[in-house]
Amino acid sequence: MNPAKAQQPPGAASAHDAQNQAPPLVGYNLYLTDPALLDAVRRHAPWAEPQIASLGKLLGSEEAQRWGFDANENEPVLHTHDRFGNRIDEVSFHPAWHHLMRTSVENRIHSLPWAQPRPGAHVARAALEMLSAQNELGHICPISMTFSAVAALRADPDLAAEWEPRILSAKYDPRFLPAAEKSGALIGMGMTEKQGGSDVRANTTRAERIGNSRDYLITGHKWFCSAPMCDAFLILAQAPKGLSCFLLPRWTPDGARNAFHIQRLKRKMGNRSNASSEVEFAGAWARLAGEEGRGVQTIIEMVHHTRLDCAIAAAALMRQALVQALHHARHRKAFGKLLIDQPLMRNVLADLALESKGATLTMLRLAHSFDARAASASERAFARIATAISKYWLCKRACMHVGEALECLGGNGYVEESVMPRLYREAPLYSIWEGSGNVICLDVLRAIAREPDSVEAILEELKRSAGANRHLDAFTASAESTVRAAAQQAGQGDAAAERSARRLTEQLALALQAGLLLRHASAAEADAFIASRLADRSGYTFGTLPHAADTAAILAAAWSGS
Ligand SMILES: Cc1cc2nc3c(=O)[nH]c(=O)nc-3n(C[C@H](O)[C@H](O)[C@H](O)COP(=O)(O)OP(=O)(O)OC[C@H]3O[C@@H](n4cnc5c(N)ncnc54)[C@H](O)[C@@H]3O)c2cc1C
C-alpha cells in the first residue's frame with residue numbers, strides 16, 4: 001500500500017491520486033466497434049471478416065499500441081558508411097517498427113487484391129489498412145507504396161514476372177540482401193526532385209541506356225525518397241525519348257550494392273517512425289519499366305493507388321481521433337456532469353462523428369470501385385474522378401477534424417502520451433503526398449475536361465439518392481451545373497475553371513458523402529450532415545450542428561466501445 005495513503009483519514013484524497021481521468025483506451029476491437037466499417041465489410045467482403053476482426057483485436061491491445069509509440073519515439077538512424085569508410089547506405093529501425101511492418105505484411109495490406117483477387121478484395125484491404133493506420137501511420141508508407149507499385153509493374157510483363165512473386169509474399173523480410181535471396185520484397189517510389197515535385201516533367205535525373213538492353217544507368221537525385229530500405233524503387237528519369245519510369249533495386253543483378261546513396265534523412269514534423277530520405281544516384285543500375293518516354297503513363301497507376309491510400313489514411317486519422325475524444329468524454333466530468341452529457345460537447349462530438357462516418361463511407365465506396373472497375377466501365381470512370389475528389393476532401397478535413405478532436409481531451413490531448421499529437425502531426429501529410437491539394441483539384445478538372453465518362457459516372461452516383469432529401473436534390477442540381485460549366489471552361493482553357501477547382505471538388509465531395517450517408521447510415525446522421533453541410537453552410541467549426549440535429553442518435557451510431 002502507498003505509505004502516504006496509510007496516513008490519510010479514510011475517504012480523503014491523496015495529492016497523488018489521479019481522479020476524474022479517463023482510463024487508458026486499451027483492449028477494444030477497432031473493427032467490431034466501428035459500425036460503418038463492419039457494415040461495409042459484411043456487404044462487400046464477408047469472407048475477410050475473421051481476419052479483419054482479429055487484426056482489430058490485436059491493434060486494440062496495449063502491446064500493439066506500444067509499438068506505435070516506440071517506433072515514433074525511437075526514430076530510424078541512417079548509417080552512410082561502415083567503420084572502414086565504405087558506403088553502406090543503410091537505415092536501422094527500432095524493433096517496434098519491425099513488429100508493425102510484420103503485422104501489416106502478414107495481413108497482406110501490401111498485396112491483398114493482387115494476391116487474392118476475389119470480389120471485395122480492395123474493400124477488405126481498405127478495412128485492414130484503416131485499422132492498421134489508426135494504430136500507426138508511418139509504417140503504412142512502404143506498405144502502401146508496395147501495394148501500389150504492382151499496378152504500375154503490370155505495365156511491364158517481364159518486370160512483373162520477376163518482382164510480383166516477391167512482392168506478393170506474406171513474409172516480412174527486413175534483411176538488407178539482394179531481393180532474389182529474400183522471402184519477401186517491398187517497393188518505394190522516387191519522383192520528387194529539388195526543383196519540382198508536382199511538375200515531374202522538370203525532373204533532371206538522367207538515364208543512359210546500356211547497349212541495346214532495357215538496362216540503364218541513372219545519375220541524379222531525389223529530394224524525397226521515403227522508406228529507403230525498400231528493395232527497389234519505381235523512379236522517373238529523363239531518357240533519350242523523354243521522361244521514363246525505371247525499377248531501381250538496392251542491389252544490382254550481379255549482387256553488388258547499387259549506387260543508391262542516402263544523403264540524409266529528413267527531419268519531419270510527423271511521420272517520424274518512417275525514414276524519408278534524400279538520395280543521389282551515382283550511375284545506379286535500373287531497368288526500364290514500360291515504354292521509354294512514357295514514364296508518367298507507367299507510374300500513374302501507382303499514383304492512383306497511393307491516392308486511394310491517402311483517402312484511407314485520412315479516414316483512419318479521423319476515426320481514431322473521434323474514438324479517443326468519445327472515450328475521454330465518456331469518462332471525464334466537468335461542472336458536475338460527464339463531458340459527453342454537456343449539450344455543447346455533444347454537438348462537437350456528434351459533428352466529428354458525422355465527418356468521420358462520411359469519410360469512412362467515402363473511402364469504402366472508392367475501394368469498392370477499385371474492385372468493380374475491371375468489370376464495369378462506369379465504375380472505372382467513377383474510380384478515376386472519385387479518387388481525386390476523395391483524396392482531396394478527406395485529407396483536408398482530417399487536419400481540422402483531428403485538431404478539434406484533440407481539444408475534446410483538453411490539455412491531455414496536447415500531451416505526447418496521448419496519441420493525439422501524433423495524429424495531429426500526421427494529418428497534413430496526406431494532403432501533401434501524391435498530389436497536394438491544388439494539384440489534385442486540377443486533376444479533378446482535367447478529368448472533367450478530358451474524360452466525359454468520369455463526369456457522367458460521378459453525376460450518376462450522385463443521382464442514386466435522388467428524391468430522398470430535397471436539400472440534397474437542390475445541391476446535386478447545382479453541382480451538376482457547376483461541373484458542366486467547368487467542363488466547358490476548362491475545355492476552352494479559361495483560367496476561371498482553375499480558380500474555382502477547389503470549390504467544385506468540395507461540392508462534389510459533399511454531395512457524394514451526403515448520398516452515401518443517406519444509403520448507409522441512419523436518418524438522423526444523414527439529415528444532420530445534409531442540414532449542416534449542404535443546406536446551411538454557415539457553421540465553420542465543428543460543433544455547429546443545427547438545433548434539430550439528433551445528437552443522441554448520431555453518438556449512439558458512432559462507436560460501440562465503452
Ligand atoms: C514526409 C514526406 C515524404 C515524401 N516521400 C516521397 C517519396 O517517397 N517519393 C516521392 O517521390 N515524393 C515524396 N514526397 C514528396 C511529395 O510527394 C511532394 O512534396 C509533393 O508532391 C509536392 O511537391 P513539391 O514539394 O515539389 O511542391 P511543389 O510542386 O513545389 O508545390 C508547392 C505547392 O504549390 C501547389 N501547386 C503546384 N502546382 C500548382 C498549380 N499549377 N496551380 C496551383 N497550385 C500549384 C501545390 O499544390 C503545393 O501546394 C514526400 C513528401 C513528404 C513531406
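Computation of the quantities below employed the complete heavy-atom set of this structure, encompassing side-chain atoms and omitting hydrogens, waters and symmetry-equivalent molecules. For ligands, and for the atoms within them, numbers begin at 1 and follow the listed sequence.
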| query | Of all heavy-atom pairs between A289 and D156, which one has the smallest distance, and what is that distance? | reply | CA-OD2, 3.4 Å
| task | Quick one: do K222 and N203 satisfy side-chain hydrogen bond (donor to acceptor under 3.5 Å, both in side chains)? Show the steps, please. | result | CA-CA 9 Å; K222 293 294 163 186; N203 274 193; 3.0 Å; yes
| remark: R250 meets the side chain to side chain contact (heavy atoms under 4.5 Å, CB included) criterion, sequence neighbours left out, with D89, F176, M229, F233, F260, I262
| field | Partners meeting ring-ring contact (aromatic ring centres under 6.0 Å, His included) with H304 (sequence neighbours left out) | value | F370
| field | With A259 via side chain to side chain contact (heavy atoms under 4.5 Å, CB included) - residues at least two apart | value | H261, A282, A284
| task | Kindly tell me which protein residues have any non-hydrogen atom under 4.0 angstrom away from an atom of ligand 1, grouped by chain and ordered by number? | result | M189, G190, M191, T192, G196, G197, S198, F224, C225, S226, K268, S276, L429, I432, W433, E434, S436, N438, V439, L442
| said: I'd like to check M420 versus L409 (side-chain heavy atoms, cut-off strictly below 4.5 Å). Are they in contact? | reply: yes
